[in-house]
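Everything on this sheet refers to the single structure shown next.
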Amino acid sequence: MAIEIAQLRKSFGRNEVLKGIDIAVEDGELIALLGPSGSGKTTLLRIIAGLDWPDSGRLDVDGADWLAIAARDRRIGFVFQHYALFPHMTVRDNIAFGLMVRPKAERPGKAVIARKVMELLQFLQIPHLADRLPGQLSGGQRQRVALGRALAIEPRVLLLDEPFGALDAAVRRDLRSWLRSVHDESGSTTIFVTHDQDEAFELADRVVIMGEGRIEQIGTADQIHDHPASPFVARFMGATIELPVQISAGRAVAAGVDTSRIERRALADGPATLFIRPADLTPVPDAAGLWRVKQVTSTGAVLRPVLTGPEGQEFAVEILRRAAPGLEAGARVTLRVETGTIFTETPPGQRGQVGQSAELKDIPLKEKQK
Amino acid sequence: MTVALARIRPKRVLPGFALSLGTTLLYVSVIILIPIIALMISGAGIGWDRFVRIVTSTRTLDALRVTVTAAAIATVINAFYGLLMAWVLTRYEFRGRALLDAMMDIPFALPTAVAGLALTSLFASTGWFGGPLEAAGIQVVYALPGIIIAMTFTSVPFVVRAVQPVLEDLDPALEEAAKTLGATPWQTFSKVILPAILPAWLGGCTVSMARSMGEFGAVVFIAGNLPGKTEIASLLAFIRLQEYDYRGASVIALILLVFALLLLLVSNLFQIRAARYREGGK
């Protein structure tokens, strides 16, 4: 099922949660909606499911207007963050629910339903849990049952809200690759919401990065990593160091910083900000350097020098210990930027050339990873 | 070292387990257990023959029939309206919700005699409701409907307060899950919501029934108390007591007690059933 979303807006009271969303999802694609909490990703998912309605905009699935169709007629599989299994029903009855509630004319026979449920239980690798109640299952098992219940109605679109959010790390990794195989075998179009970058990039064909009710960037892991489309995405992707620079003849210039490894860009002269990941900034010992090593901590393999700059800046970088002999507290250094992204401060609404982005106001801080 | 550890063990709020449990048991005994046992001894002490004679006398049987019939009908009404009220209080946000919520407790707090008087004056032939009803040929005061109304009034909060917390705890995602799986609103209610609240609801209904059967104050004002027609069991026990027939009163009270205990047992069975689903959390 190809999903087309255009100019979708939604407010709760005065709070505008979605500020004009446009996405086109292809049939059979696996899409991740990635963003900090409050970015509107769950609301978007719920609108696709028919659990919330937008204030304006379009939602078309294979050409049909889904905003005119009730949730129960959309035939979607929705997996809730906390699974929402029916507590008084056995695993078997939970999975069969979507088939049992069909109108008599469309409902398969009892034997057919029983066989179908058994197939699903085997596919989910939990046939031994068939007669348990949800209260007797572990988190990972509940997750499988919730997915089984959603898959039983052979959904055309599978939607998952933070599918692994409530599980511990080992179970997460396990279920991740398993979800990928479920998606590939069922052939459905799948969209899942997450705030975990690893999860999004490892699992999805394309990742949609959302911030404050807007789509910041859509792309593959490599595209988003190498070419963040906005300061928000750069920060979200781990570029926590922001150096103020001057653009001069397409080069970023800053005192005591060697930017020769950054490609020239067709940018107008003027002030700009260089976004760098801590691992992409190398302190090079230099007696005439303007930067100073304040202190160094080591994790064995990696050194974390804290650097102070000529204008009172202070931040930590990461460098392999064997690549940085002689880096000690008090040493003078020059900073070499291995790679980074430049954003100029253009007024809102005037998006510039490559790698340039507007709107530095109101950008939330990166959400802490749990 | 062990001694030191034992000393820093956190203190509980109440002093000493033995002391607090002892006080509780003493209290329960004096207030609840001993009177009940005394009643049982006194009721059973009259011998089987007299016991059976009192129970099977027309007046006793009539009183029990009136009581059970009225209480049963009142419970059915309460089951329906109590569920509705709990639903309204938990599912909707509206002005005055907190006030309505507080009003649910009025029957708990109001002296039942006051309730009886108020209902009687409303439904008497000169009252606001009684006049039109009588004109339509419906007799409320001094008839079974009056008893039912009085019982309904005093026992409806039991249903509301039993269902309300369970409805509040019910994860809204359950209903959404049912919706996405294709269930109609009625299927969502009957297959998902109702089973979840059923034990609490039935439990509330049983306590409400027990309360209705024992209701005295509110009923005697409105019932008219005609032996064989509108005389309830607890009133008959009271009348026997006034006739210095202490044993006769005990026998009737004992029957009411057995009914009440049975209903409490049923209510507790429902609660145990409800706890089974909750085990392990959501």
Side-chain angles (χ1 to χ4, degrees), chain A residues 42 45-46 48-52 69-90 93-103 106-107 132-139 141-142 145-155 157-161 166, chain B residues 83 86-87 90-95 97 162-205 267-282:
Chain A
T42 295
L45 196 75
R46 289 174 56 87
I48 300 173
L51 297 173
D52 273 326
I69 302 177
R72 66 187 177 90
D73 299 322
R74 290 189 188 184
R75 208 154 172 194
I76 41 131
F78 198 100
V79 177
F80 291 83
Q81 188 174 4
H82 299 290
Y83 323 126
L85 297 176
F86 305 129
H88 56 281
M89 292 185 204
T90 60
D93 292 344
N94 262 286
I95 293 177
F97 185 86
L99 301 171
M100 297 297 288
V101 295
R102 287 206 185 150
E106 301 168 31
R107 194 188 307 154
R132 300 261 187 97
L133 288 171
Q136 302 164 321
L137 304 180
S138 73
Q141 290 168 337
R142 283 180 212 185
V145 178
L147 193 53
R149 186 178 65 177
L151 289 173
I153 60 169
E154 288 169 13
V157 176
L158 186 59
L159 306 168
L160 304 97
D161 186 8
Chain B
L83 182 61
W87 185 268
T90 48
R91 284 309 163 102
Y92 302 104
E93 285 290 331
F94 54 92
R95 283 176 78 99
R97 198 183 67 115
V163 176
Q164 203 179 351
V166 182
L167 264 183
E168 265 164 14
D169 279 354
L170 204 63
D171 187 356
L174 289 180
E175 284 163 59
E176 293 178 343
K179 212 198 282 185
T180 61
L181 291 166
T184 61
W186 170 247
Q187 284 171 325
T188 305
F189 179 77
S190 63
K191 288 175 192 278
V192 175
I193 300 172
L194 195 60
I197 61 172
L198 193 64
W201 186 39
L202 291 179
C205 290
S267 160
N268 277 314
L269 288 177
F270 285 130
Q271 296 307 318
I272 292 168
R273 210 178 144 70
R276 205 182 58 173
Y277 300 139
R278 251 178 265 138
E279 163 190 329
K282 295 168 210 166

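In the text below, chain A, chain B and the rest are named by the order of the sequence lines, each starting its count at 1. Only this structure's heavy atoms are used, side chains among them; waters, hydrogens and symmetry mates stay out.
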Sort A/Ile76 into side chain, backbone, both or neither according to what part of it lies under 4.5 angstrom from a heavy atom of chain B.
both
Inter-residue atom distance B/Lys179.NZ - A/Arg74.CZ, 0.5 Å rounding
10.0 Å
What closest approach, in Å, do A/His88 and B/Ala196 show between heavy atoms, and which atom pair accounts for it?
ND1-N, 4.4 Å
Gap separating the CG atom of B/Leu174 from the NE2 atom of A/His82, nearest 0.5 angstrom
12.5 Å
So how far is it from A/Leu51 CG to B/Glu175 CD, rounded to the nearest 0.5 Å?
11.5 Å
Quick check on A/Arg75 against chain B: is it the side chain, the backbone, both or neither that has a heavy atom closer than 4.5 Å?
neither
What are the two closest non-hydrogen atoms of A/Arg72 and B/Thr184, and how far apart are they?
NH1-CG2, 3.5 Å
Applying a strict 4.5 Å limit to non-hydrogen atoms, the region of A/Leu159 in contact with chain B is neither
Reported NZ-to-CZ distance for the pair B/Lys191 and A/Phe86, which is rounded to 0.5 angstrom
10.5 Å
Looking at chain A, which one of B/Thr180, B/Thr188, B/Leu198 has the largest number of heavy-atom pairs inside 4.5 Å, strictly under?
B/Thr180
Mind checking the CD-CZ spacing from B/Glu176 to A/Phe80? Nearest 0.5 Å is all I need.
5.0 Å
